[in-house]
Amino acid sequence: MTLEQLDAEVIVASDIHLLNLESPRGQMFLTLLENLSNPVEYLVLNGDIFDFCFGKSIFFQRKFAKLGTALSRLVANGVEVVFVEGNHEFSMAQVGWEGVQFVEGVTKIIQTKSGLKLALTHGDLLLNDPKYRLFRNFLKSKKTINLAAKIPGPWLDSYALKHAKVSRSRDVYRRVDHKKVVDAAFKWVESTGAQMGIFGHFHIPYAEAMVMNGADYRVFCVESWERPNLLVIKQGRPLRTYLDQWISTGVWTFVEPKAVLK
């Protein structure tokens, strides 16, 4: 079956949490990349693409080499590929993927050829929790990174994946204050100068709108990859699409994002 190519200006994937590229998610994601080309302007990997990746390590460079090759091919074909580092990824700028733009800071601004300005962030720092920020800064500090570089890659991978599994098992007991998250997202996007912001991390499909200081703002969160999905900008419109439908039918279908807060 021939798979239809995705026609959109911006494609955003987030929180895939790949364990490896041989998994169903890994194979589906590689299939997606093989079927992308112009006129896609931006492919944004908005953090936590991996359950764990340490870009400075040769082990991880080899483990995810096929993905890097696929992304570099897209860059060579005229697609701007942006990788916003999430809280499960470290030193990604050193992974060696030619042409990929790595973002280690909080925000990346992109602008489409039509003039649409988008703010991007992984989302783990939106709530600006002092304890979490301190913990994150410690994990991503030069001292910690240099120490991690001395640990054999397979050992580091095994430990990190076990830790991530334990952390995820606790998620069901954590309650998310939706209003607090969305208010923080609006405050963030207003500060960027963009009027549309896209984030991930929370695995909740927020699609909210607000008028602030006379301006219209919209914020969107990419859904969990419990069902593989993308948030796309198609002819200036934000839409959601699902990879299982595309794989089964060969055709892309799109749905309008719905607000979580009423």
Side-chain angles (χ1 to χ4, degrees), residues 6 8-17 40-49 79-89 92 100-129 132-133 136 140 176-225 229-242 254-262:
L6 181 51
E9 298 96 88
V10 181
I11 299 169
V12 185
S14 183
D15 298 275
I16 302 176
H17 290 280
V40 175
E41 297 177 38
Y42 289 93
L43 170 65
V44 179
L45 308 183
N46 207 24
D48 287 1
I49 302 304
V79 179
E80 290 202 51
V81 178
V82 177
F83 193 114
V84 180
E85 193 172 279
N87 51 295
H88 284 250
E89 291 131 357
M92 290 306 298
V100 177
Q101 304 171 42
F102 291 98
V103 181
E104 294 183 357
V106 176
T107 301
K108 171 70 174 179
I109 303 293
I110 63 174
Q111 186 166 330
T112 66
K113 293 175 183 176
S114 66
L116 180 63
K117 191 175 182 182
L118 298 170
L120 304 159
T121 189
H122 175 59
D124 59 319
L125 292 174
L126 275 180
L127 294 178
N128 199 26
D129 178 85
Y132 174 74
R133 186 176 287 272
R136 188 183 190 275
K140 290 182 177 282
V176 177
D177 186 333
H178 298 305
K179 187 177 185 305
K180 188 175 181 180
V181 172
V182 171
D183 285 348
F186 279 122
K187 183 178 180 181
W188 159 70
V189 75
E190 183 186 31
S191 73
T192 67
Q195 288 183 290
M196 186 182 297
I198 298 174
F199 59 101
H201 183 66
F202 294 96
H203 299 190
I204 296 168
Y206 297 113
E208 319 304 320
M210 180 182 286
V211 177
M212 295 187 295
N213 299 321
D216 295 318
Y217 293 92
R218 300 183 73 185
V219 293
F220 299 89
C221 184
V222 184
E223 288 188 52
S224 164
W225 256 58
N229 70 95
L230 305 168
L231 181 67
V232 306
I233 306 297
K234 184 175 173 65
Q235 297 177 349
R237 295 170 58 203
L239 300 164
R240 299 193 194 277
T241 188
Y242 298 89
F254 303 93
V255 296
E256 294 277 356
K258 295 181 180 180
V260 171
L261 300 185
K262 302 296 183 182

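All residue numbers refer to positions in the sequence shown, counting from 1. Atom set for the values below is all heavy atoms of this structure, side chains included, hydrogens, waters and symmetry mates excluded. Owing to the predicted nature of the structure, the values given are computational and were not obtained by experimental measurement.
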Thr121 versus Trp188, side-chain donor and acceptor atoms under 3.5 Å: no
Test item: Phe186 and Val219 side chains (from C-beta on) under 4.5 Å apart, heavy atoms: yes
Look at atom CZ of Arg136 and say whether more than 12 heavy atoms of other residues, nucleotides or ligands are closer to it than 6.0 Å. yes
Is any side-chain heavy atom of Glu256 closer than 4.5 Å to one of Leu239? yes
Go through it in stages, so that I can follow the logic: the residues are Asn229 and Arg240, the test is side chain to side chain donor-acceptor pair (under 3.5 Å), and I'd like the CA-CA distance, side-chain angles, deciding distance and then a yes or no. CA-CA 7 Å; Asn229 70 95; Arg240 299 193 194 277; 5.1 Å; no
Please tell me if the side chains of Leu120 and Phe199 come closer than 4.5 Å, counting only heavy atoms from C-beta onward. no
Under a 4.5 Å cut-off applied to non-hydrogen side-chain atoms, are Leu125 and Arg133 in contact? yes
Could you walk me through whether Asp124 and Tyr132 satisfy the side-chain contact (heavy atoms from CB on, under 4.5 Å) test, starting with their C-alpha distance in whole Å, then the side-chain angles of each, then the deciding distance to 0.1 Å, before giving a yes or no? CA-CA 9 Å; Asp124 59 319; Tyr132 174 74; 2.6 Å; yes
Leu231 versus Pro257, closest heavy-atom pair with distance: CD1-CG, 4.4 Å
Does the side chain of Val232 come within less than 4.5 Å of Phe254's, by heavy atoms? yes
Check for a donor-acceptor pair, side chain of Lys187 on one end and backbone N or O of Val182 on the other, with a separation under 3.5 Å. no
Looking only at the aromatic ring of each residue, does the gap between the centers of Phe102 and Phe83 stay below 6.0 angstrom? yes
Determine whether a donor-acceptor pair (N or O, by modelled atom type, separation under 3.5 Å) exists between the side chain of Gln111 and the backbone of Leu118. no
Dump the intermediate steps for side-chain contact (heavy atoms from CB on, under 4.5 Å) on His88 and Asp15, then the final yes or no. CA-CA 9 Å; His88 284 250; Asp15 298 275; over 6 Å; no
Centroid separation Phe202 to His178 less than 6.0 Å: no
Side chains of Val40 and Glu80, heavy atoms from C-beta outward: is any pair under 4.5 Å? no
Is the shortest side-chain heavy-atom distance between Val82 and Val103 below 4.5 Å? yes
Could you tell me whether the side chain of Tyr217 reaches within less than 4.5 Å of the side chain of Glu208, counting heavy atoms only? no
Could you please spell out the steps behind the side chain to side chain donor-acceptor pair (under 3.5 Å) verdict for His122 and Asn87? CA-CA 8 Å; His122 175 59; Asn87 51 295; 3.0 Å; yes
Are Tyr242 and Glu223 close enough that a side-chain donor and a side-chain acceptor fall under 3.5 Å? yes
